[in-house]
Amino acid sequence: MAFLRGLSLLLLLLLLLEPKLKYAFRKIEKPVLIFAQDNSKSIKLSNDSLFYLNEYPIKIEELLESMNPEFELKKISFGSKVTELSNYDYSETNTNFSELLDFLKNNYGYSNNIQVLLASDGLYNKGGNPRYDVQELNFPIHTLQLGDTARIKDVSVLSVKTNELAFVNSKLPVRIGIKATNFESEVVQLKIFNGSTVLIADEIKISNDSFFIEKDLFITPEKSGLQNFRVEVVSSKSERSKRNNFSEFVVDVLDNQQKIAICFDKYHPDIATIQSAINQNLNFTVELINLTKKQVDLENYNLVVLYQIPSNLHNYSGFLQRIKEREMPVLLVLGGNSDLEAINKLNLGVNLLRNEGLYAETSFVGNESFSLFDLTKTKREILEKMPPLLSPLVTYEFSSEHHVAGYQRIKSIQTKEAQIAFSCAENQKVAWFFGEGIWRWKLHLSRINESSQVLDDLVNKMVQYLALKVNRDQIVVKHPKNISEGDEIVFDAEIYNKSYELVNHVNLDFTLFNQAGKSFNYSFEKRSNKYQLQISALNKGSYSFVAKSQEGETILEQKGRFIVSSNSNEAKNLQADHKILSQISSLTAGEVFQLENISEIRSKVIGNEHSKSILSEEIEYGNFVEMLFVLIIIIVLMILEWFLRKYWLGI
């Protein structure tokens, strides 16, 4: 009994002293094997589609199950994104190796007992080249080569490039890339459809077995709205697959029947040049107005070209003030007859610091970073060879948002002064041509090219940019008008109060309608001072939406449309690219396997130096007081002493 009491007291004293206990645990970490399956449609478009749908999954699962005792298995699939592997349905509409490699780097990049078995046909149509991304990984990627590398007989629409916006009855350029293999000396038909209407029919003669050509064509939309066009290449010969014989593109066609007034008070050949260029676009009607002879009713016009107005003859302050109040878009051409002081008083976003009334002959130097519209390198180089313009020798200070399309060069000295620029002051769009003598450009182009198309395109794009109205809606929803089937859609939205200040304290609801009229309800998430909504893959078709917000009795609403077009990316190339898979394995010290030697995978992977288990020791510290079993022992000892005292001594 004395022993029991002494032991109890000893344990109580230990609890009062709160001693620390040290624990050491040994932990064995099995090596990790990540199986990454390419789940894109190109796998089942091969000759062995039934094999990949039925037999292949069984073989792979048997292989992985046999390796389960040695490895911690993780199974993933990839296409547009990386997900957990649930089935082998090959339903992904895109292949993005960059997504897979980023996933591996972010989740396993610092482990040294990792191996990856990548099963793919090597074809990708999104993201970067995987051979550059794998160099950041420090574990082997073994590749299992799927698909068929045999050259097949096939013709496909490889690419379609065009503008997102167009105008009714205006020419829209379309560049189409056609690829053909094993089709030498054959003739195929190229057609562009709008609905069931054939807009263009052309013939292409294939000159060799590895054929590629880009055709530049023009279509003329005849109605406004989102228009879905289909490019199709038709062959009378048999092919592996005809799923890549077509491609769709969507264009937002604007019905901008606009009237343009070219105002002047002294005639100049430049005026005829500008008028001729604008007349190339059937969407615009141009009227020449001599301000010394006629008043201008601004109600009848959508855009005004001011040729050296205000001038040294008259400042036309009342007329210009009305333009300012109506926030009408303006194209200003400055020259030797321009009143620069009067222009400064208009506050159009540019302040002209006059240099003693001097003028200089200036040439055009293109700005590579200009982005308001497409001004290609070729067109910039042509414009840079044009005769010089007569420009006011002044310093141009922009006081508002501006974009410079080209700078001035005086002889061999390039300046920082703009020659063609755009500004936006208080929602009024202004385009600037700092120099007269545009007619010389037209004459020069007509002499060397027998066409002034480059100048006409430049003037038309300037006018088209000015013609697009500034959006003053209180809800602005930004989204792509053309989405490929299977892609995720991101909607960005902004809400403005009556003072046109950005706010986001109210909820923003979103209702989506498919072409059958069925509705789907979503809600935007608040992101900083804006809103964002992501919708997973939608089926092909035309969709409309309504974004709605309500605060008190005030209801704000914005409507829109977009088209989900068919996605044939996975069908554009049906010949597997095993070379890229071999490069991935070579750069990561991995092995390359074919389906014929799938049985060798287990022994090669287990024999790799990265397949070793890791023995680690973890040390933990705990308080003696926190151990419940010590308290239980003390209680048991005290109860036992009490029982023995009662039993033996009767007290």
Side-chain angles (χ1 to χ4, degrees), residues 262-277 305-313 330-344 348 350-370 375-398 402-423 430-449 451-462:
I262 300 180
C263 301
F264 60 95
D265 63 3
K266 187 177 180 180
Y267 194 78
H268 193 283
D270 284 352
I271 297 171
T273 300
I274 296 172
Q275 180 187 26
S276 174
V305 178
L306 299 177
Y307 188 82
Q308 301 198 50
I309 299 293
S311 71
N312 293 324
L313 298 176
V330 179
L331 169 58
L332 281 98
V333 182
L334 277 61
N337 196 42
S338 297
D339 186 344
L340 305 186
E341 293 298 329
I343 292 175
N344 285 337
L348 296 176
V350 178
N351 188 30
L352 309 175
L353 303 181
R354 193 168 179 81
N355 186 9
E356 300 179 359
L358 299 179
Y359 293 84
E361 290 189 338
T362 64
S363 300
F364 178 88
V365 178
N367 179 11
E368 295 180 1
S369 60
F370 177 72
L375 189 59
T376 64
K377 181 180 179 181
T378 302
K379 290 182 179 179
R380 289 199 308 268
E381 291 175 348
I382 292 174
L383 293 173
E384 287 173 355
K385 297 176 182 177
M386 293 299 101
L389 303 179
L390 183 65
S391 304
L393 195 59
V394 298
T395 300
Y396 305 100
E397 289 186 349
F398 290 92
H402 65 281
H403 303 268
V404 177
Y407 296 96
Q408 297 179 13
R409 184 180 71 243
I410 301 175
K411 294 185 178 180
S412 61
I413 301 174
Q414 180 178 335
T415 71
K416 296 182 180 180
E417 309 303 334
Q419 188 172 83
I420 300 176
F422 300 82
S423 64
V430 183
W432 301 85
F433 229 121
F434 297 110
E436 64 174 88
I438 309 169
W439 67 272
R440 293 190 180 91
W441 289 14
K442 181 181 179 71
L443 191 64
H444 184 77
L445 286 168
S446 300
R447 186 171 63 250
I448 62 174
N449 296 332
S451 170
S452 59
Q453 187 66 43
V454 174
L455 176 60
D456 294 343
D457 286 347
L458 174 63
V459 174
N460 260 290
K461 287 181 178 180
M462 293 176 70

Over all atoms of both residues, closest heavy-atom pair of [X] and [Y]:
X: Phe398; Y: Ala421; value: CZ-CB, 3.7 Å
X: Phe434; Y: Ala418; value: CD1-O, 3.3 Å
X: Leu393; Y: Ala360; value: CD1-CB, 4.0 Å
X: Gly406; Y: Phe364; value: CA-CE1, 3.4 Å
X: Asn351; Y: Leu353; value: ND2-CD2, 3.4 Å
X: Ile438; Y: Asp270; value: N-OD1, 2.8 Å

* Asked: Can Thr273 and Leu455 be said to form a side-chain contact (heavy atoms from CB on, under 4.5 Å), step by step?
  -> CA-CA 9 Å; Thr273 300; Leu455 176 60; 3.7 Å; yes

To the closest 0.5 Å, what do you measure between [atom1] ([X]) and [atom2] ([Y])?
X: Leu334; Y: Ile343; atom1: CG; atom2: CD1; value: 4.0 Å
X: Asn337; Y: Asn312; atom1: CG; atom2: CG; value: 5.0 Å
X: Ile382; Y: Lys377; atom1: CD1; atom2: NZ; value: 13.0 Å
X: Ser338; Y: Leu352; atom1: OG; atom2: CG; value: 9.0 Å
X: Ser363; Y: Leu389; atom1: OG; atom2: CG; value: 8.0 Å

Would you say CD1 of Ile448 has more than 12 non-hydrogen atoms from neighbouring residues, nucleotides or ligands within 6.0 angstrom?
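Count over threshold, so yes.
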
**Q.** Lys266 NZ: over 12 foreign heavy atoms closer than 6.0 Å
**A.**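 No, not enclosed.
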
Option from Leu375, Val404, Ile420 for which side-chain contact (heavy atoms from CB on, under 4.5 Å) with Asn367 holds: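 Among Leu375, Val404, Ile420, the one meeting side-chain contact (heavy atoms from CB on, under 4.5 Å) with Asn367 is Val404.
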
- Item | Under the side-chain contact (heavy atoms from CB on, under 4.5 Å) test, residues paired with Ser276 that sit two or more places apart |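 With neighbours one apart ignored, the set is Gln280, Lys442.
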
With a 4.5 Å limit on heavy-atom distance, are the side chains of [X] and [Y] in contact?
X: Asp265; Y: Tyr307; value: no
X: Tyr407; Y: Gln419; value: no
X: Val430; Y: Ser423; value: yes
X: Leu348; Y: Trp432; value: yes
X: Tyr396; Y: His402; value: no

Are the side chain of [X] and the backbone of [Y] linked by a donor-acceptor contact shorter than 3.5 Å?
X: Glu436; Y: Gly336; answer: yes
X: Ser391; Y: Glu361; answer: no
X: Glu397; Y: Val350; answer: no
X: Thr415; Y: Glu417; answer: yes
X: Trp441; Y: Leu383; answer: no

*Might you work through the side-chain contact (heavy atoms from CB on, under 4.5 Å) test for Ile274 and Ile262, ending with a clear yes or no?*
CA-CA 9 Å; Ile274 296 172; Ile262 300 180; 4.0 Å; yes

Task: Flag for Asp339-Ser311: side-chain donor and acceptor within less than 3.5 Å - done: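 No.
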
Side chains of His268 and Gln308: is there a donor and an acceptor less than 3.5 Å apart?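 No, Gln308 and His268 have no side-chain donor paired with an acceptor closer than 3.5 Å.
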
Could you please spell out the steps behind the side-chain contact (heavy atoms from CB on, under 4.5 Å) verdict for Met462 and Phe422? CA-CA 9 Å; Met462 293 176 70; Phe422 300 82; 3.6 Å; yes

Which residue pairs pass the salt bridge (Lys or Arg N to Asp or Glu O under 4.0 Å) test with at least one member in residues 379-391, sequence neighbours excluded?
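As it turns out, the salt bridge (Lys or Arg N to Asp or Glu O under 4.0 Å) pairs with a partner in residues 379-391, which skip direct neighbours, are Lys379-Asp457.
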
